[in-house]
Amino acid sequence: EHSDSAIASPLSAIADAFEELVEKVKDFKTGSCDHIRLDTFCEIASLVTVLFRCLGLAFKFAEMEYVSKLHGLVEASKTYQMLEDIIDHDVANDTVKTSGSYSRNLRRVRQGLDLIRAIFEQLLSTNDSSLKGVASTAYGEVCAPYHSWTVRAAVYAGMYTLPTRDQLFVKLNETEQTAEKKMRRYISASLPVIEYIDKLYLSRDIVLDW
Ligand code: 1PZ
């Protein structure tokens with residue numbers, strides 16, 4: 001039911017969806033929060049894939065990677081109801097960090113959401129007409145420490161093919177002015193969700209260095 005508005009303004013749809021989701025986690029610290037349903041999380045995480053399409057062919061690989069991790073979680077949602085259920089499943093089977101496991105896919109999707117947050121923060125704090133610096137800083141902060149040397153080299157090489165800042169906003173059906181508020185809304189709403197996911201691991205003594 002979100003589809004018309006999602007096409008007109010993908011950024012609005014993304015910000016709206018995260019704000020709705022964050023309602024569930026905002027009382028996490030007081031212990032009175034609802035837990036996040038896996039199917040709901042997958043739906044919301046799939047909204048951000050429109051952003052990849054603005055980046056050009058060089059980032060097709062990033063899109064395919066992200067979508068494949070998300071697909072694993074969609075499959076899991078047929079069996080497991082809540083985010084914590086997949087982590088408990090992998091803890092019990094000693095597969096938390098195993099390639100392709102639910103917990104590992106969740107960790108990767110979470111890194112993708114955090115990367116978008118970092119990109120938006122960079123876009124708000126610079127006026128560079130090129131996206132290369134914005135993207136390199138955000139990627140270096142959020143994802144590079146956890147990616148192999150080969151992947152990092154490919155990503156940095158791809159940075160030269162990114163559209164310009166203006167082209168990005170045009171593709172998103174936005175202007176600098178209309179995008180600014182929506183990016184701020186995503187930053188505020190995604191942070192508690194990201195923190196919530198991290199706590200699911202940390203509370204089970206899983207160190208997040210991978
Ligand atoms: C406007 C600014 C544009 C910035 C573009 C920055 C793009 C960064 C692209 C990152 C590509 C990552 C490619 C491959 C990563 C894989 O090594 C890992 C492996 O996981 P494993 O199988 O070992 O568990 N895969 C991932 O981390 C999943 C996908 C991450 C992609 C997130 C991209 C989000 C980009 C948002 C763009 C707006």
Side-chain angles (χ1 to χ4, degrees), residues 10-11 13-15 17-18 42 44-76 86-87 90 95-174 176 179-180 182-183 186-187 190 193-194 197 201 206 208-210:
L11 274 191
I14 293 166
F18 275 85
C42 289
I44 289 168
S46 74
L47 292 175
V48 307
T49 56
V50 299
L51 299 177
F52 296 101
R53 278 164 225 154
C54 304
L55 300 181
L57 221 54
F59 288 98
K60 188 74 194 163
F61 174 62
E63 178 183 353
M64 285 166 57
E65 263 293 311
Y66 182 85
V67 169
S68 91
K69 308 308 187 208
L70 196 54
H71 184 75
L73 296 181
V74 170
E75 282 302 308
I86 59 175
I87 302 187
D90 284 318
T95 48
V96 171
K97 299 183 192 176
T98 304
S99 178
S101 76
Y102 303 145
S103 306
R104 178 147 172 152
N105 288 347
L106 176 62
R107 175 97 183 116
R108 297 306 179 211
V109 169
R110 171 255 182 252
Q111 283 167 344
L113 299 177
D114 201 17
L115 178 60
I116 292 163
R117 179 203 54 75
I119 288 167
F120 287 173
E121 276 185 0
Q122 287 300 312
L123 284 171
L124 290 167
S125 68
T126 65
N127 292 310
D128 302 0
S129 58
S130 156
L131 290 179
K132 201 170 136 294
V134 162
S136 307
T137 306
Y139 176 75
E141 218 172 81
V142 174
C143 288
Y146 310 108
H147 285 169
S148 68
W149 184 89
T150 321
V151 167
R152 288 203 302 270
V155 170
Y156 286 121
M159 300 287 184
Y160 290 91
T161 70
L162 286 170
T164 65
R165 181 183 179 110
D166 290 346
Q167 286 166 343
L168 175 69
F169 287 133
V170 169
K171 283 179 213 245
L172 289 171
N173 237 341
E174 303 285 345
E176 282 288 334
E180 184 178 323
K182 296 168 191 174
M183 294 194 291
Y186 175 83
I187 292 169
S190 63
V193 174
I194 290 165
I197 295 171
Y201 296 89
I206 301 161
L208 297 176
D209 59 355
W210 48 289

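By convention here, the first residue in the shown sequence is residue 1. Read the numbers this way: they start at 1 and go in the same order the structure lists the ligands and their atoms. Reckoned from all heavy atoms, side chains included, excluding hydrogens, waters and symmetry mates.
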* Structure fact -> Going by the 4.0 angstrom heavy-atom rule, the piece of R107 near ligand 1 is neither

* Asked: What protein heavy atom is closest to atom 24 (O) of ligand 1, reported as residue, atom name and distance in Å?
  -> R104 NE, 2.6 Å

* Structure fact -> Between A135 and M159 the two heavy atoms that sit nearest each other are CB-SD, 3.3 Å

* Could you list the atoms of ligand 1 found under 4.0 angstrom from a heavy atom of F59? => 7 (C)

* To do: Give a yes or no on whether atom 30 (C) of ligand 1 lies under 4.0 Å from any heavy atom of the protein.
  => no

* For atom 12 (C) of ligand 1, what is the nearest protein heavy atom, given as residue, atom name and distance? -> H147 CE1, 3.6 Å

* So does R165 pair up with E176, basic N to acidic O under 4.0 Å? -> yes

* If you have a sec, work out which protein heavy atom is nearest atom 37 (C) of ligand 1 and how many Å separate them, to one decimal? => L55 CD1, 3.6 Å

* Could you tell me which non-hydrogen atom of I14 sits nearest to which non-hydrogen atom of L47, and how far apart they are? => CD1-O, 3.8 Å

* Asked: Can the positive tip of R110 be found less than 6.0 Å from the middle of the six-membered ring of Y201, inside 45° of the ring normal?
  -> no

* Asked: What is the distance from atom OH of Y146 to atom CZ of R108, rounded to the nearest 0.5 Å?
  -> 9.5 Å

* Asked: Would you say ligand 1 has an N or O under 3.5 Å from any N or O of R108?
  -> yes

* Test ring-ring contact (aromatic ring centres under 6.0 Å, His included) applied to Y139 - qualifying residues, sequence neighbours left out -> H147, Y156

* **Over-ring placement of K132 relative to Y160, 6.0 Å and 45° cut-offs** => yes

* Structure fact -> atom 38 (C) of ligand 1: closest protein heavy atom, distance to 0.1 Å, is L51 CB, 3.7 Å

* To do: Starting at CG of L55, measure out to CD1 of I119 and round the result to the nearest 0.5 Å.
  => 7.0 Å

* Nearest-contact summary for atom 25 (N) of ligand 1 - protein heavy atom, Å -> E65 OE1, 2.7 Å

* Asked: Looking only at protein heavy atoms, which one is nearest to atom 9 (C) of ligand 1, and how far off is it?
  -> A62 CB, 3.8 Å

* Mark the output for V134 as yes if a heavy-atom distance to ligand 1 is under 4.0 Å, and as no if none is. => no

* Asked: If you measure from CG on L208 to CD on Q111, what distance do you get to the nearest 0.5 Å?
  -> 9.0 Å

* To the nearest 0.5 angstrom, please state how far the OG atom of S46 sits from the OH atom of Y66. => 7.5 Å

* Considering only protein heavy atoms, which is closest to atom 36 (C) of ligand 1, and at what distance to one decimal place? -> I116 CG1, 3.4 Å

* Structure fact -> atom 32 (C) of ligand 1 sits nearest the protein heavy atom G112 CA, 3.8 Å

* To do: Indicate yes or no: does an N/O atom of Y66 lie under 3.5 Å from an N/O atom of ligand 1?
  => no

* Asked: Of the backbone atoms (N, CA, C, O) and the side-chain heavy atoms from C-beta on, which set of F61 has a member under 4.0 Å from an atom of ligand 1: side chain, backbone, both, or neither?
  -> side chain

